[in-house]
Structure formats: C-alpha cells, structure tokens
**Student:** 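Pasting a structure here, questions to come.
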Amino acid sequence: MQDEKTNKNHKLNDKNNKPDVMPVEDVTIRFAGDSGDGMQLTGTQFSESIAAAGYDVGTFPDYPADIRAPAGSLYGVSGFQIHFSSHDIHTPGDQIDVLVCMNPAALKVNLKDIKKGGIIIVNEDSFDAKNLDLAGFKTNPLEDGTLGRYTVYELPITKTTLQVLKDLGLSMKEAEKCKNFFALGLVYWLYNKTPDFTLNWIEQKFAKRPEIVEANSRVLMAGYYYGEATEIFTSRYEVKKADLPKGTYRNINGNEAVALGLVAAAARAGLQLFLGSYPITPASEILQSLSKFKNYGVKTFQAEDEIAGICTAIGASFAGALVATTTSGPGMALKTEAMGLAVMAELPLVIIDVQRGGPSTGLPTKTEQSDLSMSIFGRNGECPMPVLAAQSPSDCFHITIEAARIAIKYMTPVIVLTDGYIAQGSEPMKIYKVSELPEIKVIFQKSREGFFPYTRNEFLSRPWAIPGTKGLEHRIGGLEKQNITGNISYDPENHNQMVKIRDKKVKKIADEIPLLKVNGVQSGKLLVLGWGSTFGAIASACENLQKKGIKVSFTHLRYLNPFPKNLGQILKQFEIILIPEMNLGQLANLIKMEYLVSPITFDKIKGLPFKAMEIENKIEEILRT
Amino acid sequence: MQDEKTNKNHKLNDKNNKPDVMPVEDVTIRFAGDSGDGMQLTGTQFSESIAAAGYDVGTFPDYPADIRAPAGSLYGVSGFQIHFSSHDIHTPGDQIDVLVCMNPAALKVNLKDIKKGGIIIVNEDSFDAKNLDLAGFKTNPLEDGTLGRYTVYELPITKTTLQVLKDLGLSMKEAEKCKNFFALGLVYWLYNKTPDFTLNWIEQKFAKRPEIVEANSRVLMAGYYYGEATEIFTSRYEVKKADLPKGTYRNINGNEAVALGLVAAAARAGLQLFLGSYPITPASEILQSLSKFKNYGVKTFQAEDEIAGICTAIGASFAGALVATTTSGPGMALKTEAMGLAVMAELPLVIIDVQRGGPSTGLPTKTEQSDLSMSIFGRNGECPMPVLAAQSPSDCFHITIEAARIAIKYMTPVIVLTDGYIAQGSEPMKIYKVSELPEIKVIFQKSREGFFPYTRNEFLSRPWAIPGTKGLEHRIGGLEKQNITGNISYDPENHNQMVKIRDKKVKKIADEIPLLKVNGVQSGKLLVLGWGSTFGAIASACENLQKKGIKVSFTHLRYLNPFPKNLGQILKQFEIILIPEMNLGQLANLIKMEYLVSPITFDKIKGLPFKAMEIENKIEEILRT
Amino acid sequence: MNENNQTTSLPKTPLPVPKDYASDRDVRWCPGCGDYSVLAMVQKVMAQVGLPREKIAFISGIGCSSRFTYYMNAFGFHTIHGRALTIASGVKCANPELSVWVATGDGDALSIGGNHFVHTLRRNIGMNILLFNNRIYGLTKGQASPTTLEGKITKTTPFGSIEHPVNPISLALGSEGTFIARTLDRDLKHMQEMLLKVYGHRGTSLLEIMQNCKIFNDGAFLEFTEKETKNENVIFIEHNKPLVFGNKKDKGIKLDGWKITVINIDDGKNSINDCLVYNEKSKELAFLISEFYDRQDLPMPVGVFLNIERPTYEDNMMRQIEYTKEKLGIGDVDELVKGNSTWVIK
Amino acid sequence: MNENNQTTSLPKTPLPVPKDYASDRDVRWCPGCGDYSVLAMVQKVMAQVGLPREKIAFISGIGCSSRFTYYMNAFGFHTIHGRALTIASGVKCANPELSVWVATGDGDALSIGGNHFVHTLRRNIGMNILLFNNRIYGLTKGQASPTTLEGKITKTTPFGSIEHPVNPISLALGSEGTFIARTLDRDLKHMQEMLLKVYGHRGTSLLEIMQNCKIFNDGAFLEFTEKETKNENVIFIEHNKPLVFGNKKDKGIKLDGWKITVINIDDGKNSINDCLVYNEKSKELAFLISEFYDRQDLPMPVGVFLNIERPTYEDNMMRQIEYTKEKLGIGDVDELVKGNSTWVIK
Ligand SMILES: Cc1ncc(C[n+]2csc(CCOP(=O)(O)OP(=O)(O)O)c2C)c(N)n1
Ligand SMILES: Cc1ncc(C[n+]2csc(CCOP(=O)(O)OP(=O)(O)O)c2C)c(N)n1
Ligand code: SF4
Ligand code: SF4
Ligand SMILES: [Mg+2]
Ligand SMILES: [Mg+2]
C-alpha cells in the first residue's frame, strides 16, 4: 500500500562502511534455530523487506511437524530460506550462501546444505554442553574443525541481546526472545540493506507495548551496528536489483494467493464467495485467511469434516454462489464421492488440494506431487473433471481464478493442485486490479421459456438456474439423468450418451486453453516437461544450462486435464522427454496414456522440492549418454 | 447336498408325448412380468433345476430400480433370463428363444430382444385395456399384427390358475400369486424337463403351510399338463446335456460366490472371518449372506457407513482376523482414505467392489466396469494396491480366495472388482473342498527375537504381530514410518525408500501370477483382451468366430495390478488389440501406460452387459478393414 | 424475464392449492407406503401458508423417503446418501431467504449421515428436516437401520438385531436441537399441526415421522396408529397441558422427584392436577419424556418435545459480516489483493 | 516362543510399575500440555490394576492427543482422523479378550468422528474412550473445534465463533452411552478415580478430560482447575451423595419439580437434606446435570454422570454365534460351499 517504501530503501547505503561492498549476482540465506527462536518471523521480515526493495525473492519455510518439539532438539529445528537475486529467479535457492544458526541443532541439521566456502553465523552462547548433546555433537563443532570449509562467525548473540536490554526491565525470558532481531539486523548490514522496513513493522505490530517496540528495535539496530562496529566481517555484499516487469508488486505465499484468488474471482464474477472446508495441514491457512475477509462478504463454513466441507459448497453452488473447498490428500480422498455428485449435477465448484507427503497421513508437513493420479481418476464411474496446477506461489492466485472461470463457464467442478512447497513458500507477485483479470461471465437462467435443466450451450454447459427464480423450479440429483430434461433415466442409450457428453464437455475445454510454449530450442534432443511446483527448479536448471550453451528446452503444464492441444505436437519434436516429479511418475503415466510417448521420470519423493542443481545434473547426465 | 437329484431327473422323459421332441443346441428363455409376479423366483427355479440336470447354465436377472413400481407399468417390469446349452457356455444368452410374459408391459420391454421366429408365451388374461394402456400399447399387440414374426401362444394363465385352486379356500390375491408356477410348469414341459426339482422345493419351502404347498404344486403341474394336454404346442425341445468337467456342481451367483469365497478362505487360512460393511446395491447380498453364517463363526458388522465398514475391518485385521469390506462405487469412493491407512499399516484386507453404473449415484441397479481407474489410482499419495477382477459368477469364489491369499501373504489390502452383472447372474460352479483350495499360510509373529514391525521377508512382507502376543507390543500408524522399526520418520531418504518398497512389494506379486494363456492362434491380426465380467461375451464371440474359421484370439485378465508378466509379450504378437469394456476405455489406458500399445476400445456404457453378438460384429468389422 | 415482470404486475396471484406443489413426476413409492400421506400433507401445508414455490429448496439424500424431492414442484436436489443436511446447510448459507426443507430417512440421517445430523442441529441452521423413520432401509430392500429394534429380524440380522437402537429425539436433544417433534404417518391432523409448527420455527426444525414401510417393516408402528390401541400407547404432548393419555384419558404422567410414574387419574387417589404439565421450552422435560421409547411401561410420546429460540447460524453469519463491514469498512478487493506492503517496479 | 514359555514358567512376574507401560519414544507434546498428566495417570492406573501389556490395544485417531498411542508400551494403532472408534470396534470384535483403549480429541471424536461416537456408544462396544477436550484443534494449530465456545477467537473464527458448541456429555447421553464421566487434567486424584471406574465398566466407557492446550487455548479451564476458583465453579457428582459444592461446601443443587436451583445450605432455610442425591444409574438425572455446561449460574459437573449395565456388542455377537452354533450345529464349510442343491458330472 505504501509505495513510498521504495524511496526509503537505501538511506544507509551511502554511509562509508569499513568493509568493502562486494557485488554478487544472487544470494541464498537461511535463518535456522529452535522452533521457539522466531526464525519464521525473521525470515519473513527479511524477505519482505528485500522484496519491497525491488528484488526477486523466493522463500522456503521449513518447520518441524505439527507438535512443538523440546527446545534444542534436532526435530525442533525451524528454518526459513530466502533467495534473492538481480535476475528473475524461480526458487528459494539450492545451496546456502549464508546460514544464520541460533543453536547447535540448527547447525547440525543444515550443515549439509551450505555451499562450500559459505558463511556461517552462529550464536556462540547456545553452544553449551546441553545443547551440543541434544544436537548429538560429541565435540563442539566450532572447535573440532568440522567447519573448516566455511567462513564462520561466532557471535555472542544472546549475551549481547541481554546486555542491550538490561536497563529495560524486561524479564530474562522476554529479553532473550528478542535475539532473533539481532541476527536480522546483522544480515541487513551484511547485505547492505536498511533495517527500516522492520523498524516500521515493529512499531506498528507492537504499537500498544512501547517497551517491546523499544526492545526489539534496539536489538535489531544492535545487530546492524555490530556488523558496522566490529571488525570481524571482512566484506559486505550487495545484490543488484532485479529487472522485473513493470508494475506494483507484493510478496505472497501460495496459500494466501489461493485465498485472494478466490476473493478476486468472486468479485470479477459478481458473485458471493462461499468456502466449505475442514482444517488440514498444509491447507488450513486458506480457510483461515478467508475467515478474516468477512467484511468482503466472504462466507466461510468450517464444516464437521471434509465431506461436509465439499457438500456445503455444492449446496451453496446450487443456490448460486461461487464456491470452493480446500484440503490436502486425506481430505481429498474423503471428498471423492461428493465430487461425483458435483460432476453429475454439473455445478461449478473449485476444489483446492494442497498436496502433501502420502500415502495416508504420510508426511503432513512435507511437500509432494502425488495426488495427480487421484485427481484425474479417483472417482467411481466415468467422472471427468478439469485439473489445473499452480506453478509457483504467485501463480496460485491466477490458477485459482482460472479454475473459477472454467467452473462457471462449463458448469463443472475443477480441481486445482498446489503443494506444501508453494503453499508456504513466497515470491513477489505483480498486482492486478479485479477489472484487469480475465472476464468471468455468469449467466443465471432467468427465462422460463425453453428452460430445461440439462439443455446445453455451445460449450456443452447447462444453465445455472438458481432457487429463488420464479418459474424455474426443477429437480436435479446424482442419479443418471435424461438428456435435456434432467429427469431420472434408466434408459441404456441415454446413459451412454450422457457419459459421453460429460466426457466431451471436459475435453472441449482444450479449445480455449493457451497453447504451450517451449522455452529453448523448439526441437532437439531433450525437453524437460514439468507440472506444478517443480516449475522453479526446472526453469532455473534449464536456464542455467542454456546460459552455458547447453541445448535443453523446457515447457510447463498448468493444465493437466485436458492438456493443452499442442502438447502432443511438442513432444514429437524431441528425442527425449524428461519429467521431474515429486512422485513415482504420475504425469509420465498420463503422457504415455495420451501420447504413447515414454518419458524418463526423474523422481524425488523426499518431502522436499527439487533443487535446480539436481535437475541440472540429471539433464547433463542424460545429455552425456 | 443331495446328489440323488441327478438320478431323478428324467423320470417323465420316457412318457410318450404327443408333439415331437426336437433336439436343440442351446436355448435362451426369459421370464418377464410385473415386479409382483414372482419372475425372479420362477427364473431361479428353472435355472437351478436345469443346472442340477447337468447343463451349463447362465442366468441374468434384470429387475427395476430399487423402489416398487406400480403394477403394470413399464418401469415395473422384472425379468430373468436363462441360457442353457449342451456345451460350455459363458453368458446368459444374447437373444431370446422363448419369452414368457405375464403382462403387456413385459412384452413391450422385451420384444426387441426376441430372436426372429422365437416363441412368445403370453398370459392373455392380463391383456386388458388398463394394462395395455399402462404399457403404452395403443392397440392390442396380440391382435394388431405386431407379433407377426414370432410364434405366439396366448394362454389364460390367470384364469386357469384360479380355476385350479378354486376349491382350496385361498383368497383371490393369494391364489393369483401362484400363477408364475403355471408358467414354470409349462416351460418344464416345453423343454422336456421334470418339474420334480421345484415340487421338492415347494414342499420344503412351505413345509409349515400345507395349503400353499398344495396350491403351488397344483398350479405347477397344471402348467406342465397344459403343454401335454392341449394341442396348441407343435413341438417340444430337448437340449443335450453339456459335457462339463467331472465333479460336483452347484448353481451360484457372484455375490453368493464372494460370500462363500470369504468363508472358504478363512477356513483355509485357519482364521476367523470378519466383515465390516454397509448396505449398497448391488453388493448388499454379500453382507446379507455372511450375516446368515453365524454358526460358522463369521462375524458381520453392519457399520454406520462405508468408512466405518472398512475401518472396523482394518481394526479386526490388526487384531488377527481375515477381514473384508464389501461395497459398490459410491461406497468405494468413501473408503479411499482408509485404504491408504491399510496400505501404510500393511495389513491384509479384502475389498470387494461390486461395480454399478456411475458416476455418483448413477444407475444403482445396472452394471458397469467403471471403477477400474479408481481402484488403481484413487488414493492420495503413492498408494499401490493389488487389484483383481472376477470373470464370471463362479469365478467370484476363486478370485476372492486368491485375494485373501495375496492379502495375507503380502500383508496388503487387495481390491476385487466384480459387477452387477456377474453379482446377480448365476452359473454352475464346480465344488472344491476347503482342503483342495490353494494354500493360505498364516504366520503370526510369535518370537520377540529380532522382531521389528517393519522388517520384511522375501516377499517384502512385514510380520503380522497381533495384540495379545506377549513381548510383541508395538505401534503402527498412518504417518510415514522408519524402515524396519516402524517408528515415525520424517527423514527424506527414508520416505523415498519406503514409497519404493511399497511400490515394489505390489509389483513383485507378478512373480507368482499365472501367466496368461491366449485362446486361439498365438500371434496374428487380432487379439481381444478383456477383464472382469466381459469374459463370457468375449469368449462366446471368439469361439463362435473361431468355429467359423475366423482367426481371432482372446485372452482375459483376472489380475489388473500387477499384470501377468507375459502380457506385454503377448500384446506384441498381434497387430490389433481390441478391448471391449463397459466404460470409456479404462483398461485400454492402463495398457497404453504400461506397454505403449494402443488398443481399440469397444465401449458399451449402457448399464447392460455385452452380447456376444455385439463383439462378434465388432471383430468382423475390424477384420474386414 | 418478461414472464416474471408480467406475474408481479398482476393484481393478485390466486391462493395456491396443494397440487401447485406437486411436480409432474409419477410418484413411485410402493402402494400403501407411509410416505404418500406425508407428501400430501406437506403440499397441503405449503398451500395453507402460501409458500411461494420458487422460494422452496427441497434437499434429500438417498433412500425411499429421499425421493420426496422429485415429487415437489419446487427447487429440488436429490443428493447422495447421508449428506442432505450438509447440502441444505450450504443452500441456506448462500441464500438465507430460501425456505429450505430436507426429506431424509432413518438410515440417511442417522446412520451414514449421523454426524451431519448432530452438527446441523447444534448450529441451528434454518431448515425443516422431515425424518422418515421406518426403522428399516427401504430403498436397499430391508436391512437393519440404526432405529431397528433389538431382536428384530431383517436381511442383515437374520437372527435378530443385537444393536441398541438410536432414539432420534434423545439424540437430537443431545445435539442441542432447538425444535424437536414427532408425529405419525397415519395421524393426518397431528401431522398437519406439526408441519405448521416446523414451518413456524426459526432455525433447524426436526420432525420425526413414524412411517410405515409396507414392504420391509410393515406394522412397525401399528400399536401407535391403530384406533384400538393408539390411545393407550401414545401420549400426545402439548405445551402447557398436563400429560394424560388412555382411551378414556384416564392415565397421566407424574413426576416424582426425578422419577416418572404412570398414574390413574380416575382412581380417586390421583387427579389430573397430579400430572406433569408439559413445557416445550424445557430441555429437562424434553429429555425426561424422550426416554419413553420402546418401553413397555410408558406410552410413546408424540408432539413437540422442545421449541426454544436460539440465534440461527445464518443470522449469526450475516450479523458478523455486517458487523465487520461496519467496523472495518466494506472491503475493497483491489486493496485486499495489494495487501499491506507493495513496491513498484518502474 | 522360547521366551514366552520361560516367562510363564517363572514363579511369579513382579508387579508392574507405571514405567512398564511407557514406550521408548520421546514424548513430544508442548511443555505444559495437559496431555502429560493423563499419560502419567493412565500408566499408573494400568500398573495399579496390573493390566498385562500384551492385552492392551491402544487406538487413536489424529490430533495431539492421538499421539498418546506412541507413548504407551502396548499394542498401538495411530490411525486416521476421526476413525479411532471404528478401528477400536473392529479390534474388540475380532478379539474380545483385549483391553481396548482409545485416545481421541474433541475434533477427532466430535467433529469428523462424531458419527462413530454416536454409534459406538449405542452399540456399547467394550472400550475405554479418553476424550481429550481442549476445545481447540491443537495439532493443526489452533482452529475452532465443536466444543469451542461461542464468541471465542481462534484461527478460523477471527471475529469469534458463531457456533453453539457440542456438550460431549449430553451428546453421549443422547447416543445411549452406558458409562459417561468427566474429569480434569489437573485433578490427579479425581482422574485416577475416574480411570479406575472407566476400566471397571463393561461396554463403552467415555471419559471426557478437560485438558489444557497450553499453546492454542491456554486457560480454557482455569476456573475449574485453579485452587482459588475450583470449588466454587465445579461440582463433583458422586453416586448416592447429595450434590453440594462451594469453598465451604455451603451450596447445593435442589430439584424443584423439574427445575434445578442452587441453594445455600448454610442459610438456615435450606439444609443438605434438600439437596438432590445423585444417582449414577439414572439417565434422567444424568441429562439434568449434563446441562450444567457453560452456564454462569451453575457449577461445572465433574464425575460419573451415568454408569449403567447393558449387554455389550461383543457379548451379544458372541452369544448369537454360540446360539446359532447350538441351534444349527457348528457350520461345516465344505457343506456350506456345496449348498442345498448339487449335481455330479461323471
Ligand atoms: C454411499 C452410499 N452408501 C450406501 C448407499 C445405499 N443406500 C441407499 S439408501 C440406503 C438406506 C435407506 O434407508 P433410509 O435412509 O432409512 O431410507 P428409506 O429407504 O427407509 O426411506 C442405502 C444404504 C448409497 N446409495 N450410497
Ligand atoms: C482427513 C483428515 N482431515 C483433517 C486432518 C487434519 N487434522 C489432524 S488433527 C485435527 C484436529 C485435531 O484436533 P483434536 O481432535 O481436538 O485434537 P488435539 O490436537 O486438540 O488434541 C485435524 C483437523 C487430518 N489429519 N485428516
Ligand atoms: S420399500 Fe417401504 S419405505 Fe420404500 S417405498 Fe416401499 S413401502 Fe415405502
Ligand atoms: S498444541 Fe496444545 S494440545 Fe497440542 S501438544 Fe501443544 S499444548 Fe498440547
Ligand atoms: Mg428407513
Ligand atoms: Mg482438541
């Protein structure tokens, strides 16, 4: 909202700092510490202020499973990674340039991800016997040479924090809690960025508690000046601003983007928005966000279970609202029967599945792409539904709007797949006004003349005739219906026909799906084909290789059912198709089925997103053979 | 049980009947009337007595949707078709040789299925103005020439029945209800078969009501002697006995066969049987049958819904029982989340899906094969499960036992697909003793030594360590588990490994699946590939054509996941693969995916099984091109 | 469009008659099914209160009773087994102006749909639930339902049911329902009275209808519906009236501490004044009386058990929306999408 | 095998101690979570009654409380959200010898699992249900649950909950439960007493535990657990004892017709003899008292609401199996497969 932010950004830049400011292309920083150390907050602050400064930013929060873990334990480590760059980036970064770690456990967990020669900033005060033991270090890694390959800065973060605050009358516990701001301040300094963004935030956030404003600000600045004052840092870094398309930007994660996408779609369509949902990790935030938008007229219904979640939505759709239901794998499984009803009743409905590690309860907090097959095939009977997938946090906004548009235009439920990675990761999003979004035309049936519930327009879509409209009283349901009249029909030919009409309706959507573009050469040896959240890693990998002069192309699917019309044509242009997926090859299966082409699946089913490097290596390996 | 039946069979045959007895190869008879006319009973009686006489018999009951329809209405027509033959038959017959129809509606509905020149026996008493009107006949078809192409016998069935019973003191309604036995008696006569089987049955069934025994028997014999006495029938027919493999036989429908298969499997495994289920058409009979087997120790649990149905079964499996859950499409959809738990917990469980017309509530009483995709793909995460399908009513028995065997051996849930057609249709089944069935070895873990819940044997199967066993206390669940120990694990590599182990475990079952046999030439132009209930129609069609010297081969899948190991090899031997399926090509998709071979799908999604003729025509059409 | 305008510009629409609410579909229940009388009475009551057809949304699950929807000339949605209440909840939330009705069975509402039953009642979402309790699964041909009595032989309980049945009224009370009543398919006058009250109540109204399934559970409620036995076996509970029953109205219900006894009010010892006076505002009484269920010593209570006011879910929802709009201002979606912190790339 | 034999041949196993029931897993609830005390007490009570570990099947759904299973050295199954009671039902039916326990939360048991709650209770399947009611979704980080109070601000109700909550005790009563009790995570003595009774009851035992969620709903039960306020706000109900409460035991519950009033028994006008004497065999009383829930004028009842006998599902099931075996003879599977009518092809 306050664009003036951009003007303040470099207030401190012209100061004459002792260490040199070295230009770098892009940087990946990870803040890591105990769940209680406020690392998520620290990371968010840094990434938002960096994004606000005009950089392209990718983030990846990574925190322990749902229950609070004991302080200092390995499984209690919480991390937040920020990647920012002078060019268009797609991922939160593969390897860490700078690790800020607040305790030994955080060091232990993250060590493997640090770049050779990377920087490690540790809170030395936490490296006591107890914490070392909890982290499973037999000897102190700060002393035993473990960190020989890195540039290590050991700072007395806790002590300094307490020192700075000692006259403020805070309790020891309260005071200690500020220490994350020290780390943040220091990193601001290290990357030659002003801490103003966070200072403002602190002021607003704790407006009612001046002593906390004072404490946090002091510690933040203490960290900042620590860099400035002490001579231990030999250099400072500066990343050139990115060259992003013109426009107004904000930072956004995928879950928030879905929530806003739904609100925007409803506004665009001129409909009220109804969400029927049940909490589940990692989708709960969408319900939570929408619950806040009461003054936008949004109706959220926290149902007793996932079935009630989707069914209330179906009911509201029958009554004329734009409706959605949000969930993750296990909840998706529960909704399958009701999805069939929506297909039969031909009512618009947006189903968001924020995929997580499966099967069953699986890995609730980890990411995966393994609900694709279920989304396409997982219903009784011939039960076709369009399936879309978001390729990045900000794309969650656009894909959700697209899903709503298709749902309404074709009177059909639509599945949108996102996953834990993009749901929680964030990136800058260019802002559009509602009026600039694709049109979503709603035509409620009004006229009685010629009205039958299952007549169809050119898109094979039936009329939306909502209760309250005089003269249009009619009945629909889950039993097979007679073509046109919608009456129950057991007629064999009619059933055959209806099954095929429903199938064709979904297939016909391909007529308006944007054709795929291939990035790189348009034909050749290797095409990398992706879908959903792998976009960032694939794009980075291919662009990196292309820069090196290696001939590799890539294209990315946001529409999984139906596929873009030129996909088959594109596949034919390449000798080898490589599909990196966070599953055992679910897209690969669809491709085989549809095009009789056999892609190579590169799977990673580890609850973690691909790194660009992993894909680069795989590509190089393939090209070598 | 009473094999002496076979000796009585031809008691009346040597009588000197006036019309000639003409030998025929095979015959299809359909009894049709109002829902209240007892056609299902009539058909069952006839087919059982015919089967007991040593014929191969196929039956197909076809009755209206779930609610009683008004008497005389078209949608209230109930039919039962019987096909019997001197050779091994696979279907209930394509076209009708003899239609017995009790009212005008039955005539209207069934006319299209009668063979040119076929016989129609009508109850002329029911052809009054009201019934004609209800059936939508403007003029009386018995008079207006509609039936010109057929041999029509108009009999006063109602009147004769009432006449025969007039001295018995039954109410008019009660007396009229006997009229189906007249038709039955007549057909016994027409096919030169003794009515003894039914006379015995009547005696046993109504043992407590001698007046009803008397009434029904009288009417049955009245029908029989009507043929004998009146001169309207110009010929009588005799079908030579079939040449079936040696053994003891019974007649059975698919639902009953599943129920018996479960009991037999439990007996073979030495386990108690537990069924958790919720009623749903057309699967309810399995639950109903098993509920009767209390004195066999069978535990049936009619749960509050399908989810509770499968979950009680999972609990009982954890506790060491052989467990099953039975359902149809919509219920299957509801069970998907819990299936994931069974996959993760690696517990044996047999899931029976008696498929019906979908999507959603669809066509509850009609048959379809459209849950195959869902069975293979319809769960969140990578969630592999073996899937089998029964090819005929009697095969339901064997496939269920095979599913139980695989479930226990591999510690996995297994899906068995049957459908409304074979669930309700019947055929002779050769009887095996429990001791003759394939071995089902149960090894409960006993020893504490080296015990971990997720160690694996050569089949990658984990130990079954049931509560009550001292020293084996352990915990399992739906979260990803550490290899071997079964403890919760969020470790990325472990997850990757476990996903692949679960996948491999199911794939490895292929090592012991019987190789597919091709019927017909082993390579050539056309292979017809089928799965599930289409077996009968495909086999008949191909055999018919083969007899005509046409080169067509066929092979049939009972294992859908994994496929038999030689399937790929077989597919390569033929130019064209034709897959007739009662869906839009779900097996075809799997074949494309697995073998990159593109079969021709021949679909029929009409709630009705294929006719052999339809497949013959399709084959000929393909071979012509 | 035209047509609508025309209609509203007419001086006055004629009063509706029951058949205005009948759809053009053939009614396909078995001859003699108890569902018929309910259909007729619902149509009658709708005409009586003059409910505009286009305002009616009739939702049902799956079951014989759930076919009700097809027979009403109204907006109808025949959904999936057990989920009628959730669909109805969505309809009402999206458009609180509608008169939402649900037709459901003992299996649909209390077995597979039991959870939604509990939560709909506690939320008090505006809808009228007609629960056709025939103590059997009709549509699927005769399996036990959660209201099937112990010992009853059905297709799935060939040796008698071993389950203790649900008492729908007690369950509704335990689920925090606000309007809870019972009627009989064969007592048309009473049914009419109940339907009018159902219609009159704001929030979730539950009407259990003891409904005879002619085919699979014939006579289940005979003792409550047949002239000869009805008055001895049924007690009609009415607000502010003493609880009396019997052919000669000679029996009464007395509260002795917290114990219930049946007294003879003609025996000189007791009089009508000793009888408990019913109060439909009392949840305590409703609980006491609801427990007269399948007990040989007590008559079956029929009538309104509870009728209390509590804000409805949709009112609360709309109120909260209005409140936040007032407090925070009507949201501007463009601003929402922008969020609190943006920057411009030029 | 060997080991087993060895163990049984030993003269006597030493008496178990609580830690025998603790598994080797680190307990991972938040520091200060109310779940800890329950875990400790369950282990203590199991040792007290000497329950053999191998006879214990501990089943849970998903939620913080459902992690309980992992911390018990017993057979454990951490299943899926809402389904613990169904899995437990299957376990008990397959092996009625086992001591089946369920750990579940207010979301797990009453939201997604609400239907199974109702049906398990009415069936009276032998199991002990520990319902951790913290009035919030803990594991998923702070959304409203069905027991969240109206007006409460949670992650999904940022402007306050608009839903009327479930009262688990009333719902259990409406579901035909046979043993229904409530205790507090911070009253160890009472919890112990309740757990012993839970264990002692045949059939489904339900124990609601008011449990503090330190992180997302801290202090929800403070008034009931803190020394200063507890006695004024909680009434301990005990069989055959008058209902009195208050710091000085100076208040009582009186039944006036069917109305409940709080009386001062030290005021000269009323005495302890005017107080209602509780009876855990009375469903009527249980209903009356269960309704003291979130009412400012009445104390929160804690203790055994109902404790009645009814045949358990598994007993009925086994009895029916035995009965049919006796009546029809033990089934011979070979005969069953043959059926009534066979023929031989030679
Ligand atoms: C998910 C699902 N499970 C089961 C069924 C089968 N089914 C349809 S109606 C019904 C029960 C009907 O009983 P009830 O609700 O009492 O209605 P009634 O027919 O007695 O009026 C069942 C089990 C179904 N249609 N869908
Ligand atoms: C099918 C499904 N839906 C939703 C979830 C997410 N989920 C896990 S636990 C839970 C609620 C936990 O609340 P409660 O049962 O009260 O337990 P608590 O954590 O408070 O002890 C939810 C919504 C899930 N795991 N599975
Ligand atoms: S089966 Fe029973 S409930 Fe269903 S329509 Fe027939 S009589 Fe009515
Ligand atoms: S979130 Fe609450 S209920 Fe869960 S472990 Fe923490 S304190 Fe306990
Ligand atoms: Mg019913
Ligand atoms: Mg909780």
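Atoms considered below: every heavy atom in the structure, side chains included; atoms not considered: hydrogens, waters and symmetry mates. The chains referred to below are lettered A, B, ... by the order of the sequence lines, with proteins before strands, and numbering in each begins at 1.
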**Student:** Counting C-beta onward and ignoring hydrogens, is there a side-chain heavy-atom pair between C:F159 and D:L328 closer than 4.5 Å?
**Tutor:**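 Yes. Closest side-chain heavy atoms under 4.5 Å.
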**Student:** Return the minimal non-hydrogen interatomic distance between C:Q320 and D:G160, and the atom names on each side.
**Tutor:**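 Scanning both residues completely, I find the closest heavy atoms to be NE2-O, 3.0 Å.
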**Student:** Just to verify, which of C:N167, C:V166, C:L171, C:L110 counts as forming a side-chain contact (heavy atoms from CB on, under 4.5 Å) with D:R122?
**Tutor:**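 Of C:N167, C:V166, C:L171, C:L110, side-chain contact (heavy atoms from CB on, under 4.5 Å) with D:R122 is met by C:V166 alone.
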**Student:** For D:K254, which residues count as a side-chain contact (heavy atoms from CB on, under 4.5 Å) partner, sequence neighbours excluded?
**Tutor:**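 With neighbours one apart ignored, the set is D:T261, D:I263, D:N270, D:D274.
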**Student:** What part of D:I112 gets within 4.5 angstrom of chain C, counting heavy atoms only: side chain, backbone, both, or neither?
**Tutor:**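 For D:I112, backbone heavy atoms alone lie under 4.5 Å from chain C.
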**Student:** Let's test your reading of the structure: which of D:S175, D:G113, D:G114 forms the most heavy-atom pairs below 4.5 Å with chain C?
**Tutor:**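 That would be D:G114.
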**Student:** With rounding to the nearest 0.5 angstrom, report the OG to CZ distance, C:S170 to D:F287.
**Tutor:**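 Going from the OG atom of C:S170 to the CZ atom of D:F287 covers 5.0 Å.
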**Student:** Can you tell whether the side chains of C:E291 and D:K283 come within less than 4.0 Å, N to carboxylate O?
**Tutor:**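 Looking at D:K283 together with C:E291, the answer is yes, because their closest N to O distance falls below 4.0 Å.
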**Student:** So does D:S111 get a backbone contact from the side chain of C:N115, meaning a donor-acceptor N/O pair under 3.5 Å?
**Tutor:**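 Side chain of C:N115 to backbone of D:S111, a donor-acceptor pair under 3.5 Å: yes, one is there.
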**Student:** Report the option among D:K327, D:E284, D:E163 that has the most heavy-atom pairs separated by less than 4.5 Å from atoms of chain C.
**Tutor:**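 Most pairs with chain C among the choices: D:E163.
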**Student:** Taking non-hydrogen atoms and a cut-off under 4.5 angstrom, which of residues 298-316 of chain C neighbour chain D?
**Tutor:**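 At a heavy-atom separation under 4.5 Å, chain D is reached by C:R310, C:Y313, C:N316.
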**Student:** Got a second to check how far C:W258's CH2 is from D:Y278's OH, nearest 0.5 Å?
**Tutor:**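 Separation between the atoms: 9.0 Å.
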**Student:** Tell me, for C:H164 versus chain D, whether the close heavy atoms (under 4.5 Å) come from the side chain, the backbone, both or neither.
**Tutor:**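 The answer is both parts of C:H164.
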**Student:** Is it true that atom NZ of C:K259 has more than 12 heavy atoms of other residues, nucleotides or ligands lying nearer than 6.0 Å?
**Tutor:**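 Counting neighbours around NZ of C:K259, 12 or fewer heavy atoms of other residues, nucleotides or ligands fall under 6.0 Å, so no.
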**Student:** Only pairs of heavy atoms separated by less than 4.5 Å count here; which of D:L285, D:V118, D:D256 has the most with chain C?
**Tutor:**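 It is D:L285.
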**Student:** Would you find more than 12 non-hydrogen atoms of other residues, nucleotides or ligands less than 6.0 Å from D:K241 atom NZ?
**Tutor:**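 Incorrect, the count does not exceed 12.
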